[in-house]
Amino acid sequence: MQLKKKDVQMAIQETALELFYQKGYFKTKMSDIGKQMNMSVGNIYTYFKNKDELFDTVITTDTVDYIEETIVNLARTCNEYHLEKDTASINDAIEKYLRVIVNNYREVVIILDKSEGMVYEKKRCSIIEKIIEVRRSTGLTPSYIGSSFEVRKKFDKIIINGIFDVILMGLKEDAATSEERYELCLALFKFQIRKNYDSYPKA
């Protein structure tokens, strides 16, 4: 039975997403996608004029904006947790935001960890800068860091990068089900957050 054009296009996009996730944008060739699908590269080019166009349909600007907003909101929620506001609703919010990240784990890994050679190559850095601003607005800096603005900023950058790396490892782990991946990432996230925030003076 011959597949409809729309079905073929969606199959190409799904295969490309998986390969971008596994190998990164830069290392993925159109021929890799064709080989994975048992399809000629020429046939792929009837649907997408080049790899950039294919990538733009796989990772849209709306998707990137949504993921960035989710990560920054997650960081903001963690600050509220540290400030001991309504922890029950805050825990619910943390779990909601993290589930969005896990449900889009391939896109998140591509944007934050495998973006070499693409337009979002510096997206991780810009997200970290936004999170640092969030932390600064709530005064979340351990008292032992000192008063130097640059030292505090570098400290925050290293801590946030470390949290990102741990969560990314969780997202990249093979999981039998999406729920298992979520449970792993939630446990890793809570461990990292509690480990880092325990050193902060309580408000």
Side-chain angles (χ1 to χ4, degrees), residues 1-75 95-131 160-161 163-186 188-189:
M1 181 174 151
Q2 190 173 5
L3 290 173
K4 294 180 180 179
K5 183 176 179 180
K6 188 67 176 177
D7 294 333
V8 175
Q9 185 174 341
M10 290 179 65
I12 293 171
Q13 290 171 306
E14 184 63 26
T15 302
L17 176 62
E18 184 62 30
L19 287 175
F20 291 147
Y21 163 69
Q22 291 175 5
K23 302 174 67 172
Y25 171 82
F26 186 73
K27 293 181 179 178
T28 299
K29 298 179 175 64
M30 294 293 264
S31 58
D32 297 328
I33 299 168
K35 183 178 180 181
Q36 188 78 17
M37 298 186 67
N38 292 317
M39 177 185 290
S40 71
V41 175
N43 197 12
I44 294 176
Y45 281 123
T46 64
Y47 294 90
F48 303 97
K49 66 181 181 181
N50 54 42
K51 189 169 74 169
D52 286 345
E53 183 181 75
L54 173 55
F55 179 82
D56 288 342
T57 66
V58 170
I59 308 280
T60 66
T61 54
D62 285 345
T63 298
V64 175
D65 291 344
Y66 180 54
I67 288 171
E68 178 175 3
E69 182 182 3
T70 298
I71 293 171
V72 174
N73 281 336
L74 178 58
E95 292 176 11
K96 180 188 77 174
Y97 291 133
L98 196 62
R99 194 171 285 279
V100 169
I101 291 169
V102 173
N103 287 345
N104 296 277
Y105 72 95
R106 292 181 296 185
E107 291 88 343
V108 172
V109 169
I110 292 166
I111 294 165
L112 298 184
D113 193 51
K114 299 194 175 185
S115 56
E116 182 186 359
M118 66 186 203
V119 68
Y120 303 115
E121 192 166 359
K122 296 182 180 179
K123 179 55 70 174
R124 174 169 172 158
C125 293
S126 68
I127 293 175
I128 288 173
E129 287 294 327
K130 288 185 178 182
I131 294 173
I160 296 165
N161 264 307
I163 294 172
F164 273 25
D165 287 339
V166 168
I167 299 306
L168 285 166
M169 283 190 282
L171 293 174
K172 289 186 278 188
E173 278 292 312
D174 290 334
T177 66
S178 58
E179 191 61 28
E180 287 181 1
R181 178 177 280 107
Y182 168 73
E183 289 176 5
L184 172 63
C185 290
L186 180 62
L188 288 168
F189 183 75

A.B. asks: For the atom pair CD1 (Ile12) and OH (Tyr47), what is the distance rounded to the nearest 0.5 Å?
C.D. replies: 6.0 Å

A.B. asks: Taking all atoms of both residues into account, what is the closest heavy-atom pair of Ile33 and Ala16, and its distance?
C.D. replies: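 Smallest heavy-atom distance, with atoms named: CD1-CB, 3.8 Å.
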
A.B. asks: Between NZ of Lys122 and CD1 of Ile128, what distance do you get to the nearest 0.5 Å?
C.D. replies: 14.0 Å

A.B. asks: Answer yes or no: is there a donor N or O on one side and an acceptor on the other, between the side chain of Lys114 and the main chain of Gln22, under 3.5 Å?
C.D. replies: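 Answer holds: yes.
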
A.B. asks: Minimum heavy-atom separation for Thr61 to Tyr120, with atom names?
C.D. replies: CG2-OH, 3.3 Å

A.B. asks: Which pairs pass ring pair (Phe, Tyr, Trp, His ring centres under 6.0 Å) with one or both residues in residues 13-38, sequence neighbours excluded?
C.D. replies: Phe20-Tyr25, Phe20-Phe55, Tyr21-Tyr105, Tyr25-Phe55

A.B. asks: With heavy-atom distances below 4.5 Å as the criterion, would you say the side chains of Glu179 and Arg99 are in contact?
C.D. replies: yes

A.B. asks: Give a yes or no on this: more than 12 heavy atoms of other residues, nucleotides or ligands lie within 6.0 Å of atom CD of Glu183.
C.D. replies: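 Yes - once you tally the heavy atoms of other residues, nucleotides and ligands closer than 6.0 Å, there are more than 12.
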
A.B. asks: Donor-acceptor check, side chain of Asp32 to backbone of Lys29, threshold 3.5 angstrom: yes or no?
C.D. replies: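 Looks like yes, one N/O pair under 3.5 Å.
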
A.B. asks: Looking only at heavy atoms, which two atoms of Ile127 and Phe164 are closest? And how far apart?
C.D. replies: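 Smallest heavy-atom distance, with atoms named: CG2-CZ, 4.0 Å.
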
A.B. asks: Rounded at 0.5 Å granularity, tell me how far CG in Asn103 sits from CD1 in Ile67.
C.D. replies: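 Interatomic distance, Asn103 CG to Ile67 CD1, rounded to 0.5 Å: 10.5 Å.
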
A.B. asks: Hey, does the side chain of Ser126 reach the backbone of Lys123 with a donor-acceptor pair shorter than 3.5 angstrom?
C.D. replies: yes

A.B. asks: Return the minimal non-hydrogen interatomic distance between Met30 and Phe48, and the atom names on each side.
C.D. replies: CE-O, 4.4 Å

A.B. asks: If we ignore hydrogens and angles and just use 3.5 Å, is the side chain of Thr15 paired with the main-chain N or O of Met37 as donor and acceptor?
C.D. replies: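 Not confirmed, Thr15 side chain does not pair with Met37 backbone.
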
A.B. asks: Do Leu184 and Val102 have side-chain heavy atoms sitting under 4.5 Å apart?
C.D. replies: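 No, too far: nothing below the 4.5 Å cut-off.
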
A.B. asks: So do the side chains of Phe189 and Ile101 get within less than 4.5 Å of each other, counting heavy atoms only?
C.D. replies: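 SC-SC contact between Phe189 and Ile101 ruled out.
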
A.B. asks: Within this structure, what is the CG-CG distance for the pair Asn43 and Asn38, rounded to the nearest 0.5 Å?
C.D. replies: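 One gets 12.0 Å once the value is rounded to the nearest 0.5 Å.
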
A.B. asks: Quick one: do Leu171 and Cys185 satisfy side-chain contact (heavy atoms from CB on, under 4.5 Å)? Show the steps, please.
C.D. replies: CA-CA 7 Å; Leu171 293 174; Cys185 290; 3.6 Å; yes

A.B. asks: Please round to the nearest 0.5 Å and tell me the distance separating atom CD1 of Ile160 and atom CG of Asp165.
C.D. replies: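 Answer for the CD1-CG pair, Ile160 versus Asp165, is 12.0 Å.
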
A.B. asks: Answer yes or no: is there a donor N or O on one side and an acceptor on the other, between the side chain of Arg181 and the main chain of Glu173, under 3.5 Å?
C.D. replies: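 Pair found, side chain donor or acceptor close to backbone of Glu173.
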
A.B. asks: Take Ile71 and Leu112, measure what side-chain contact (heavy atoms from CB on, under 4.5 Å) needs, and give me the verdict at the end.
C.D. replies: CA-CA 11 Å; Ile71 293 171; Leu112 298 184; 3.9 Å; yes

A.B. asks: Measure the spacing between OG1 of Thr70 and CG of Leu98 and express it to the nearest 0.5 Å.
C.D. replies: 10.5 Å

A.B. asks: Of all the heavy-atom pairs spanning Gly170 and Leu188, show the shortest one and how long it is.
C.D. replies: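 Reported closest heavy-atom pair: CA-CD1, 3.7 Å.
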
A.B. asks: Could you tell me which non-hydrogen atom of Ile111 sits nearest to which non-hydrogen atom of Met118, and how far apart they are?
C.D. replies: CA-CE, 4.2 Å

A.B. asks: Would the number of heavy atoms belonging to other residues, nucleotides or ligands and lying under 6.0 Å from NZ of Lys35 be above 12?
C.D. replies: no

A.B. asks: Would you mind listing every salt bridge (Lys or Arg N to Asp or Glu O under 4.0 Å) that reaches into residues 101-113, with sequence neighbours excluded?
C.D. replies: Glu14-Arg106, Glu18-Arg106, Asp113-Lys172

A.B. asks: Does Arg124 reach the side chain of Asn161, with side-chain heavy atoms less than 4.5 Å apart?
C.D. replies: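 Result yes, sub-4.5 Å side-chain heavy-atom pair found.
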
